[in-house]
Amino acid sequence: MSKALESAKAPNFTTIFVCEKCGHNDARALKSELKEKIKSRGLKGEVKVVLTSCMDLCPKDGVSVALVKADAPPAFFVAGSGAAEKLLA
């Protein structure tokens, strides 16, 4: 029988969580833009983009984004146009 909860080694990649509740179409557009830039920079497999539910940031304009790197604490942003470039910097 497996344990109820067991720690695991963190994967060695960056995950960008994009809130799907913050302007549904804007979130999907940001995800697509991020995926295109990841592919064009040869970062596929190193950076993952995931649509997620509400993160309780709820900006009036923009999309809530969490950037989680294996070697750093999570960072939260409100993303607008042109954010994909800055998130991957």
Side-chain angles (χ1 to χ4, degrees):
M1 177 184 236
S2 66
K3 297 177 185 177
L5 182 64
E6 187 176 319
S7 64
K9 184 179 178 216
N12 193 22
F13 55 78
T14 298
T15 306
I16 302 173
F17 294 94
V18 179
C19 179
E20 193 170 23
K21 301 284 184 177
C22 294
H24 181 75
N25 291 333
D26 292 340
R28 291 194 176 274
L30 178 58
K31 179 184 177 189
S32 293
E33 184 181 357
L34 282 164
K35 289 184 82 112
E36 286 175 22
K37 290 193 179 298
I38 288 165
K39 186 176 179 181
S40 70
R41 291 183 180 188
L43 297 173
K44 193 170 181 178
E46 295 178 40
V47 181
K48 309 255 187 223
V49 182
V50 179
L51 289 176
T52 188
S53 189
C54 185
M55 293 185 273
D56 286 334
L57 296 175
C58 306
K60 289 184 180 182
D61 293 318
V63 176
S64 298
V65 175
L67 180 65
V68 181
K69 295 183 177 183
D71 60 350
F76 295 87
F77 303 94
V78 174
S81 60
E85 193 70 39
K86 292 180 181 180
L87 285 166
L88 294 173

Which atom pairs, one a donor and one an acceptor, fall under 3.5 Å between side chains of residues 61-80 and the rest of the protein, sequence neighbours left out?
none

_Test: salt bridge (charged side-chain N to carboxylate O under 4.0 Å, His left out). Region: residues 47-60. Which pairs qualify, not counting sequence neighbours?_
none
*Taking side chain as C-beta onward, heavy atoms only, is Val18 less than 4.5 Å from Val50?*
no
*Does the side chain of Cys22 come within less than 4.5 Å of Pro59's, by heavy atoms?*
yes
*Got Ile16 and Leu88 here, is their nearest side-chain heavy-atom distance under 4.5 Å?*
yes
For a quick test of your reading: what N or O donor-acceptor pairs under 3.5 Å do the side chains of residues 29-40 make, sequence neighbours left out?
unit_1, atom_1, unit_2, atom_2, d
Ser32, OG, Arg28, O, 3.1
Lys37, NZ, Glu85, OE1, 3.3
Ser40, OG, Glu36, O, 3.4
Ser40, OG, Lys37, O, 3.1

*Residues in side-chain contact (heavy atoms from CB on, under 4.5 Å) with Cys58, at least two apart?*
Cys54
*Between CD of Glu20 and CG of Asn25, what distance do you get to the nearest 0.5 Å?*
10.0 Å
*Same cluster for Leu87 and Val49 if Ile/Leu/Val/Met/Phe/Trp/Tyr side chains link at under 4.5 Å?*
yes
